[in-house]
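Residue numbering restarts at 1 for every chain, and letters A, B, ... go by the order of the sequence lines.
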Number of protein chains: 2
Amino acid sequence: MTKKNATIYDISKKLNISVATVSRALNDNPRISQATKELVVKTAKEMNYKQNNLAKALKSGETKNIGIIVPYINTNFFSSVIRGIEEELSPHGYHVIICQSHEDVVTEKKHLNTLLNAQVDGIFMSVSRTTIDTEHIQHILNTTNTPIIFFDRKKDIPGISTVTIDDYKGGYMATEHLIDEGYKNICHFAGDQNLEIYQNRLRGYKQALIDRQFQVKEENIVFTGSSIDAGIDAVKKLWSSTSVPDAIFSASDSTALGACQELKKRKIKIPQEVAVIGFSNEPFTQFMELPMSSVDQTPVLMGNMAGQVFLDHIKDNFSGVSIEKKVVLAPKIIVRKSSKRK
Amino acid sequence: MTKKNATIYDISKKLNISVATVSRALNDNPRISQATKELVVKTAKEMNYKQNNLAKALKSGETKNIGIIVPYINTNFFSSVIRGIEEELSPHGYHVIICQSHEDVVTEKKHLNTLLNAQVDGIFMSVSRTTIDTEHIQHILNTTNTPIIFFDRKKDIPGISTVTIDDYKGGYMATEHLIDEGYKNICHFAGDQNLEIYQNRLRGYKQALIDRQFQVKEENIVFTGSSIDAGIDAVKKLWSSTSVPDAIFSASDSTALGACQELKKRKIKIPQEVAVIGFSNEPFTQFMELPMSSVDQTPVLMGNMAGQVFLDHIKDNFSGVSIEKKVVLAPKIIVRKSSKRK
DNA sequence: TTGTACGCGTTATCAG
DNA sequence: CTGATAACGCGTACAA
């Protein structure tokens with residue numbers, strides 16, 4: 001009942017030729033006669049021969065596997081990036097291994113090690129919220145040849161390529177849009193400042209205000225989590241203060257959604273009294289009671305680009321060159337009813 | 001600049017002992033002296049020794065990798081199932097490789113072969129829409145020892161374990177719920193009948209009607225795709241007929257969403273005039289203008305169960321037994337405003 | 001054009 | 001308790 005695969009050894013025996021010849025014939029080596037080549041290929045098919053990638057990998061050092069570490073896979077953003085990576089790399093014969101860090105740096109570290117142990121040819125990752133220190137990543141850089149590529153949530157580490165969107169610009173565009181629509185007192189729900197993406201969205205928000213002669217009021221910036229409840233709480237907090245905002249730019253769609261829910265509860269009209277714009281363009285935003293504006297991150301494209309950067313790395317490494325690439329994609333602002341007053 | 005890993009060979013040289021002893025010490029073999037064991041482990045750590053899984057896999061035949069084939073990864077349902085599988089298997093040292101069939105049987109076949117070639121220890125899959133013939137899958141069953149596990153979209157093949165939800169019951173419950181709410185002329189948006197899941201939802205719909213003394217009218221069953229537009233078209237079709245329905249049970253959330261959009265356009269009130277209930281409990285359903293009822297498929301749990309079935313297979317196979325398991329999960333009906341008239 | 005023999009890193013068998 | 005060696009399946013340098 002055990003089913004064993006045929007090896008080049010079996011073929012060589014059957015044909016009374018050496019394994020070397022079989023191997024070369026199968027790999028289309030130029031210095032082999034057309035006749036034996038065809039014969040070998042034919043009998044290989046007959047014997048249902050399948051090349052053993054493990055043995056090949058052991059010899060070559062290339063597994064044709066790449067690893068991806070994300071906080072969670074079942075979010076629209078991350079699963080879309082993964083889709084992009086898979087579609088870029090699959091045609092080149094790579095398999096995609098996925099791991100979830102659960103936003104925990106210890107788990108992230110563990111996965112990093114097991115992936116390295118599995119001899120993956122490259123690692124793509126979006127760091128977890130709790131990843132402050134990056135020495136575990138730098139260590140890999142110093143002790144292995146495995147290329148690491150950050151996407152979206154990056155850390156500044158020399159030698160590591162990154163693919164991100166211009167979050168600064170995204171924040172800037174969203175804020176400017178609200179100004180253009182005539183809103184005067186724009187607040188910001190800022191995300192975890194340990195992550196660069198949220199720092200940049202905040203920076204964009206501030207700069208847009210400054211450039212348009214608005215005051216940056218610290219009390220208008222609320223640092224929230226990224227849940228619906230966090231959005232509800234943020235509204236409660238702001239609307240109990242003296243200067244109530246007339247627009248919300250949230251760094252996350254979920255908190256923006258929470259804000260919409262709480263505003264509705266308080267019978268505050270969107271977008272007449274208050275505008276809301278989120279970030280990520282999650283699928284639910286367009287189907288909401290009041291379709292919500294957001295900033296699209298083109299996640300599938302981000303995955304495609306990350307895949308390309310990896311392929312470039314492989315090529316470069318082959319020729320001994322090591323290049324660090326920084327790909328920055330343009331965010332797309334999606335204006336819907338929640339922020340259109342004019 | 002090339003960075004090579006230390007091997008047990010390097011350790012054996014340094015310590016002037018044989019590789020066999022090193023290997024045994026590292027694997028905690030009982031018949032090795034505590035002294036040498038500790039010495040080996042210590043120097044291994046010093047030399048930053050990492051076990052080469054490839055070599056181990058070549059020897060043992062186990063890669064500790066499993067493959068998953070889904071139509072697309074960036075949908076809530078499939079990415080959630082994958083999450084469930086990953087979380088069940090990761091603690092056991094397995095890595096999860098994902099592939100997308102793009103609903104194309106040829107691509108599915110290709111991935112099946114490359115996964116087999118990559119020597120995965122098991123394959124999880126949800127068949128594509130275009131998978132009619134299953135001989136490529138049966139062939140694998142006959143020629144390899146690699147266990148295959150279907151989840152959600154299965155085919156009836158003896159020897160293959162499956163993890164599904166009771167779609168029949170889901171369809172039955174949804175329809176019964178509409179009856180209980182007092183709706184009299186319930187129509188059904190049925191999905192692609194090549195997939196068992198849609199057949200079963202339809203069967204459940206019919207049986208519920210019969211059991212409650214309602215007539216099954218063929219003109220009330222519309223076979224649609226699973227897009228929003230398909231839902232819009234279905235409403236157009238039904239509302240141009242003589243007997244207009246007062247309730248819609250859609251086998252897909254997206255078509256149900258399309259229906260809601262078209263009904264709103266026609267100023268038909270939900271749930272007063274028409275009830276709508278979908279299937280899958282996609283995240284957007286709860287945030288819609290009118291929160292939509294749906295049938296939850298507990299996708300993460302489905303993934304967990306699939307992972308467990310796989311682990312059982314491995315264990316069984318170890319003891320020579322081969323068992324076929326059929327896990328059927330219970331659907332959960334989620335009632336929201338779109339179908340509550342009472 | 002083809003064959004021989006070795007190495008990739010482990011584990012397992014058989015001696016001792 | 002430890003050592004020598006074969007085997008896993010493949011690719012390739014060196015020979016012929």
Item checked: Any residue meeting salt bridge (charged side-chain N to carboxylate O under 4.0 Å, His left out) with B:Asp312, in chain and number order, not counting sequence neighbours -> B:Lys325
Margin query: Show me the pairs that pass ring-ring contact (aromatic ring centres under 6.0 Å, His included) and involve residues 111-139 of chain A, at least two apart or across chains.
Written below: A:Phe124-A:Phe310
Checklist line | chain A contact limits on DNA chain D, taken 5' to 3' with a cut-off of 4.0 angstrom to heavy atoms | finding: D:dG9 to D:dC14
Margin query: Categorize A:Ile17 for me: base, sugar-phosphate, or nothing, with a 4.0 angstrom heavy-atom threshold over every strand shown.
Written below: sugar-phosphate
Note to self: Does this structure show an ion pair linking B:Lys37 with B:Asp28, if we count only N-O contacts that are shorter than 4.0 Å?
What the structure shows: yes
Notebook entry, point to check: Is the distance from OP1 or OP2 of C:dT2 to the nearest side-chain N or O of A:Ser18 less than 4.0 Å?
Noted result: no
Item checked: Those residues that, when tested against B:Glu196, pass salt bridge (charged side-chain N to carboxylate O under 4.0 Å, His left out) (two or more places apart) -> B:Lys154
Next item on the list: Check every strand shown and say whether A:Thr36 touches a base, only sugar-phosphate, or nothing at a heavy-atom separation below 4.0 Å.
Entry: sugar-phosphate
Margin query: Looking only at the side chains, is there a donor atom on one of B:Lys50 and B:Asn52 sitting less than 3.5 Å from an acceptor on the other?
Written below: no
Check: Rounding to a whole Å, what distance do you find between A:Leu39:CG and C:dT1:P?
Finding: 16 Å
Check: Mind checking what makes side-chain hydrogen bond (donor to acceptor under 3.5 Å, both in side chains) contact with B:Asn65, not counting sequence neighbours?
Finding: none
Notebook entry, point to check: What pairs with B:Thr36 under side-chain hydrogen bond (donor to acceptor under 3.5 Å, both in side chains), at least two apart in sequence or on another chain?
Noted result: B:Ser33
Check: Through what angle, rounded to 10 degrees, does the axis of the helix from C:dT1-D:dA16 to C:dG16-D:dC1 turn between its ends, using five pairs per end?
Finding: 50°
Margin query: Both A:Leu54 and A:Thr21 contact DNA chain D. Taking the nearest nucleotide for each, which residue is further toward the 5' end?
Written below: A:Leu54
Next item on the list: Tell me, please, which residues at least two apart from B:Arg129 pass side-chain hydrogen bond (donor to acceptor under 3.5 Å, both in side chains).
Entry: B:Ser226
Note to self: Once salt bridge (charged side-chain N to carboxylate O under 4.0 Å, His left out) is applied, do any residues pair with A:Lys13, and if so which ones, sequence neighbours excluded?
What the structure shows: none
Check: Can you name the residues that form a salt bridge (charged side-chain N to carboxylate O under 4.0 Å, His left out) with B:Lys45, not counting sequence neighbours?
Finding: none
Margin query: Output one letter per nucleotide in nucleotides 5-11 of chain C: B when a protein non-hydrogen atom lies under 4.0 Å from the base, S when only the sugar-phosphate is that close, - when neither is.
Written below: --BBBBB
Check: Does anything in residues 75-98 of chain A pair up under salt bridge (charged side-chain N to carboxylate O under 4.0 Å, His left out), and if so which pairs, sequence neighbours excluded?
Finding: A:Arg83-A:Glu87
